[in-house]
Amino acid sequence: MSDYFHYLDNQLHAEQVPLADIAAQFGTPCYVYSRAALTDGFRQFSNALQGREHLICYAVKANSNLAVLNVFARLGAGFDIVSGGELQRVRAAGGDAGKVVFSGVGKSIAEMRLALEAGILCFNVESAAELERLNEVAGSMGKVAPISLRVNPDVDAKTHPYISTGLKQNKFGVAYGEAVALYRKAQALPHLRITGVDCHIGSQLTETSPFIAAVEKVLVLVDMLAREGIRLEHIDLGGGLGIRYNDETPPAIADYVAALLGALGGRGEKLVLEPGRVLVGNAGALLTRVEYLKPGEEKNFAIVDAAMNDLMRPALYDAYHKILPVELEPSGGTTSHSTKPASGQVAGYPQPSPACGGGSEREIQSLIYEVVGPICETGDFIGHARELAIAPQSLLAVLSAGAYGMSMSSNYNTRPRAAEVMVDGGTAHLVRERETVAQLYAGEKPVL
Ligand SMILES: *Cc1c(COP(=O)(O)O)cnc(C)c1O
């Protein structure tokens, strides 16, 4: 648990605001972000990079809420975008287009035009065909496009296959062995200007060694280019630093940056980084309410009001998120607290332990639950086999949900997307209203 989500008097808080108050005011499911946590993460990067020319380009796709982008923009961040839409978000949030790098394998002509018009810092080009298209688009606008090539260093990020991007068989980047030839080609194209090199090997990396291996390969390339007279202004080492969801032990931001700087040696090029998850992941939680408890013969289900459309990571990557009760000692009141499952003890699971605190006759029994959403898919789960002392209406916080949570959410099952709240000290600000069903079908119409 990050320091910004903590228990105070048995109540889980974001900074100084009880999550139960946020649920009461804004409803559930609801994403809650801590502004202080966002700021703290960014400052850890900038402190570690002090004294070296650098730009921290927050990877927008991790969490693209305008309030989140605005926090980083005010701290001087640049942005790593992967679509024209993300560029529009950055600008709407007060971000500086001149600090934007544009990644992605499929940039459309319209997206290129938008980015050239805005005057972004750099296109991270991922193929020979993209070089040619970008040259044509820039030429047609009377502009010169700043570019770097995203090279694929062919290192194993040792992460989940779906979020590993730096292997030969991945769709990302240009093959390491072809990079020099492509740089030559770019140099010959009149509407391109070579400014840097880029690599991004994957996400949720919990060791520094793959990053170092990538840096070493990138530096060999930089030297080869220098011998050809191609001098780079910046080296972009991408993002990918992992966070602690459960028992992972990723390096601290300072140690990760120190390792990169060590591998870079005394090089003078400006260093660009593209952190996403590590800046927002543990700065956010998904607040959800128990709708039903459903005892089963093999498993007990806690059916909550958040689902895979709100938080897709468990269904998509079998990802683990800690799930904590918002109240450690739920008080009585209007709801019934009898949670005895019909079948009692569940085979194969540890013995239920008594709820924390206690002595009260309303004490809730702690049981092992499958925490699932209401969506009609067996893959719709938030967590497996979690020991929880809960009753219907209990609030739960799904932790480490700030990255790839809301930004990957969908409207499957015609579920309006969750509200988003940013806590700043003692105040909770609504930063995205809960969607309405009318908004969901506003663009649809029957055939007459
Ligand atoms: C997704 C992505 C990032 C951010 O990755 P994290 O693992 O969230 O840090 C950075 N750069 C590129 C090109 C990306 O696609």
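As the structure lists them, so they are numbered: ligands from 1, and atoms in each ligand from 1. One is the number of the first residue; the rest follow in order along the sequence.
Side chain of T288 to main chain of V304: no donor-acceptor pair is present (N/O by atom type, distance under 3.5 Å, no hydrogens or angles).
A salt bridge links R415 with D310: at least one charged nitrogen is closer than 4.0 Å to a carboxylate oxygen. A salt bridge links R432 with E435: the closest approach of a Lys/Arg side-chain nitrogen to an acidic carboxylate oxygen falls below 4.0 angstrom. Between R193 and E233 there is a salt bridge, since a side-chain N of the basic residue sits under 4.0 Å from a carboxylate O of the acidic one.
Under a 4.0 Å heavy-atom criterion, Y404 is in contact with ligand 1. Assignment of D80 to the shell around ligand 1 is supported, since a heavy atom sits closer than 4.0 Å. Residue G240 places a heavy atom less than 4.0 Å from ligand 1.
An N or O contact shorter than 3.5 Å links S203 to ligand 1 by distance. Residue S103 has no N or O atom closer than 3.5 Å to an N or O atom of ligand 1. Considering backbone and side-chain atoms alike, A62 places every N or O at 3.5 Å or more from each N or O of ligand 1.
Short contacts between ligand 1 and R150, defined as distances under 4.0 Å to a heavy atom of the residue, involve ligand atoms 13 (C). Every atom of ligand 1 with a heavy atom of A59 under 4.0 Å away is listed here by number and element: 3 (C), 4 (C), 10 (C). Interface atoms of ligand 1 facing G239, defined by a heavy-atom separation under 4.0 Å, are 9 (O), 10 (C). Residue-ligand proximity, R277 to ligand 1, at heavy-atom distances under 4.0 Å covers atoms 6 (P), 8 (O), 9 (O).
For E178, the CD atom sits in a loose shell: 12 or fewer heavy atoms of surrounding residues, nucleotides or ligands are nearer than 6.0 Å. Counting non-hydrogen atoms of neighbouring residues, nucleotides and ligands closer than 6.0 angstrom, the CG atom of D223 exceeds 12 such neighbours. Within 6.0 Å of the CD atom in E228, the count of heavy atoms belonging to other residues, nucleotides or ligands exceeds 12.
Of the heavy atoms in E274, both backbone and side-chain atoms come closer than 4.0 Å to ligand 1.
Taking 4.5 Å as the limit, some side-chain heavy atom of K107 sits within range of a side-chain heavy atom of F123.
Scanning all protein heavy atoms for the shortest distance to atom 1 (C) of ligand 1 gives K61 NZ, 1.3 Å.
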